[in-house]
Amino acid sequence: MDGVERDRLAGDIPSPTPPAGSRQEAPLPLILRFEDIGAEMLPLVGGKAANLGVLTTAGLPVPPGLCVTTEAYRRVTERTALKDLLTALATTPAEDVAALNALAAKARETVLTAPVPDDIADVARSGANGPVAVRSSATAEDLPHASFAGQQDTYLNVIGADAVLDAVRRCWASLWTDRAVAYRAANGIDHGTVRLAVVIQEMVQSEVAGVMFTANPVTGRRREAVIDASPGLGEAVVSGAVNPDHFVLDTATGRITERRLGDKQVAVRSLAGGGVEHVETPADPVESACVTDTQLAALAELGDRVERHYGAPQDIEWAIDAAGVLWLTQARPITTLYPIPHHAEPAASPAGGAPAVTGDTRIYFCFSLAQGLHRPITPMGMSAFRLLSSSVSEILGMPVADRPAGAPPVAEAGGRLFFDVTGLIRSRVGRVLFPKVLDVMEARSARVLRGLFDDPRFGVTQPSLRPPLRRAMRIAARFHIPRRFVRALRDPASAHRDVELLRERLRGRLPAPRGATPAERLDHVERMLGGQIFPLLPTIAPAAAAGFAMLGLAALVLGDRARPGELETVLRGLPHNVTTEMDLALWRLAARIREDGEAASLLLGTPAAELAERFHAGTLPGVLGDGLADFLSGYGVRAVAEIDLGLPRWSEEPTHILGVLANYLRLEDPALAPDALFARGATEATVMIKTLSGRAGGPRGRLVRFALGRTRALAGLREMPKYVVVTALAAMRAELLAVGAELASRGLLSRADDVFFLTFHEARAALGSPASPRAIAPTEATLGDLVARRRAEAARELRRRHVPRVLLSDGTEPEATAVRAPVDGALTGTPASAGTVTGAARVVLDPVGAHLEPGEILVCPSTDPGWTPLFLTAGGLVMEMGGANSHGAVVAREYGIPAVVGVSGATEHIVTGQEITVDGASGVVTAT
């Protein structure tokens, strides 16, 4: 399209920039041509127009057009009652859909009835040169984290000046559609910060049109174009009114890997006098595609150009006119794709991270999910994991050159921790042992990984057993693991004494030296995490391993003499479990509070957040204040998502614990009291040991009795290694808070806990240490800007509902192709704790502040020890993540509540209040 043609559409438009040397700020323009719009103008032109301007400047085939800017919208609405409605919307929760819809309707009416000044009406009418498309372009739209696709209105084939002005007004009003308001509320976007511009673009009278994704939105695979096409205007495909032709192409080769023809029985066509009509078209008996292979190749090449220009996969709308010309009518980021994991950048490079791998496809396993952590990890928490991984790598005989960068397999994406396990899967030993470990930790991940065994990209390249065997023997000898294993079996009491001695020594080593400077505190934290903490774990783990080895021995000896679920009974009421002891201590505190009427009334009648403030102020009544202080002195190092040292510990924010205590007070039935259930479970375990040993008889029976006795004496220590790490993380958090306080006192941070949104490198650089290997990222003006951006990123990631268990470096999520819809209304997972229970479901996504009525079935994405207080009143457990020996499964067994874990989509298919039946033996969850 030449310049004369563009001028014909745009008319006489004033320059968007003020004259050089102007002494006063020029008024914001009301209208801009596409070629005058840059990406930096998003607040003035909105996301859609900004993208069209960028694409036009890049020389891509965009139909010419102009934008009525947000300044016009501001002037039209500034004297209306919209301000009062914004105040009401700001205080309306996202869950209150009815209230949001009512306010949205009032806002639409307010905008539609607002008078339009003549100058604004004139610029809107100036776009009416022939048939045009009038499209909304909001400032919160087509963004990398929120596309807002389809949330505002579009009007096609608009003809005539008055019709264009009317369409512009309706676009303004569509900023307040029910769906747009709900979308903003769900994504945490302030309604008051959003304004609307309007795109007026030359109408492409397309013969065929559709949508193209430059990455597969289902599997996540990058460099794979997915194209939907249908005759007529693209509205038929976008709106879902037609079953289009569907194609998948490999972008690199242009090869069509999937071709599925739709019936295409509806086409949207332009009307001669303006507007469009839906035309029914009979199915093509020849079943021919509406686009040729040549056109598909051209589309894939266009998509590749757009993606390379933006540096990210794109959702594209396209059209081909009667002359066969291909047009790009819209492009926006694909916001649903999970980011590809990246490794740490070299210490001296700018922030951002190195690509995962180039050329060779890699397998990434999400360690965050395996640890029951769905939320993103803070940058400082991620730095801590990198240091810990360096320590692990050194124990394995593979020293790391840059310790703060972490071991080579460590990567992150979306604030979650991933490990590159390609080497393990390509190893003969690794592909046997690693999935077996996951079978009792995260069973669904194990299934996904086994599904990759036949992929030729991941064939075995390390067949020898000798290197891993030699490494295992070196580690075992270094930490005296065989001796500790045997000693624990011979004398379990000695194993418990060793653990207590180790914990006592650790407590003395954790604090930095008295009077340490902030830089010295950083040195201490890096030294502890990078080499002092993890080597303690091999001294603890053998005792718990011995306990579970004895359980395995008993199972082997018993064979089919043990019925399903009977061996699990032996693990009920298991002693020496630090997490169980914590939960029972909290229950005992609740029992003491119940006996004090004043304290009980205060706990039940006061918001937990207010009680937390009073606790820190020292104004809570004795039994509540002193009892809580005593509990936190022992367990205040814990927290929900406690493996992230960036998150507050219970000793800092006891709100969650106060809420759990209030829930415990609502438990009226003595038979359901957690201490009674725990004692009953222990009795059942003792009886079961006697039953199983008697059933085996003779020497076999005596061996079974010994083995299961050792299981109960030692297996409870399984939680201790993690508790040691969590204790250390809490201490390191305290040191880092002191560093943050120093940076805040210098005015570099707003508050002390901002330090957790920095890395160790950045914190050291901020302190001005000459050893600093890097500075703040060049895109940030100040340290505060960097923290603000990362806090915003973390807030967005908190709203992400799906995190892949396994992800390939080309973006493919292997599990996506294997997910199946529930059969006959049943959900299936991994059996975790035998028994059957029917009750009301309670879907909980975050345990903080959660209320669980006694007997309700807890349905959640995943758990860590911070969730377990809720287990005490739960009638059953359904969990999306986990395996038969994951944390939630073990605790559920110990408490004797039926549990099924690894249930895909449980929090989506089950709703709070729905009556469900959980069969913990078969792994089936059904609606009743």
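Residues take their numbers from the sequence shown, with the count starting at 1.
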Which atom pair, heavy atoms only, marks the closest approach of Ala133 to Leu156? CB-CD2, 3.9 Å
Just by distance, with hydrogens left out, do Tyr310 and Asn51 show a side-chain donor and acceptor under 3.5 Å apart? yes
Evaluate the ring planes of Tyr338 and Phe418, with Trp represented by its six-membered ring, and classify them as parallel (under 30°), tilted (30 to 60°) or perpendicular (over 60°). tilted
Residue pair Thr139, Thr193: steps toward the side chain to side chain contact (heavy atoms under 4.5 Å, CB included) verdict: CA-CA 8 Å; Thr139 53; Thr193 63; over 6 Å; no
Rounded to the nearest 0.5 Å, how far does OG1 of Thr812 lie from CG of Leu807? 8.0 Å
For the pair Arg74 and Glu71, find out whether any cationic side-chain nitrogen is under 4.0 Å from an anionic carboxylate oxygen. yes
Asp118 and Arg125 ion-paired at < 4.0 Å: no
Salt-bridge present (Asp304, Arg308; N to O < 4.0 Å): yes
Could you grab the distance from atom CG of Leu249 to atom OG1 of Thr257, nearest 0.5 Å is fine? 6.5 Å
Please evaluate residues Thr214 and Thr251 with respect to the criterion side chain to side chain contact (heavy atoms under 4.5 Å, CB included), reporting the C-alpha separation (whole Å), side-chain torsions for both, the decisive distance (0.1 Å), and the verdict. CA-CA 8 Å; Thr214 65; Thr251 303; over 6 Å; no
Pairwise distance CZ(Arg222) to CD1(Ile334) - rounded to 0.5 angstrom: 8.0 Å
Note: Glu762 and Leu758 closest approach over all heavy atoms is OE1-CA, 3.4 Å
When every non-hydrogen atom of Val45 is compared with those of Ser137, the smallest separation belongs to O-OG, 2.8 Å
Grab the two heavy atoms, one from Ser136 and one from Thr154, that are nearest each other, plus how far apart they are. N-OG1, 4.5 Å
Determine whether the aromatic ring centres of Tyr364 and His342 lie less than 6.0 Å apart. no
Could you tell me whether Arg108 and Asp178 make a salt bridge, using a distance below 4.0 angstrom between a side-chain N and a carboxylate O? yes
Across all chains, not counting sequence neighbours, the side chain to side chain donor-acceptor pair (under 3.5 Å) partners of Thr378 are Asp644
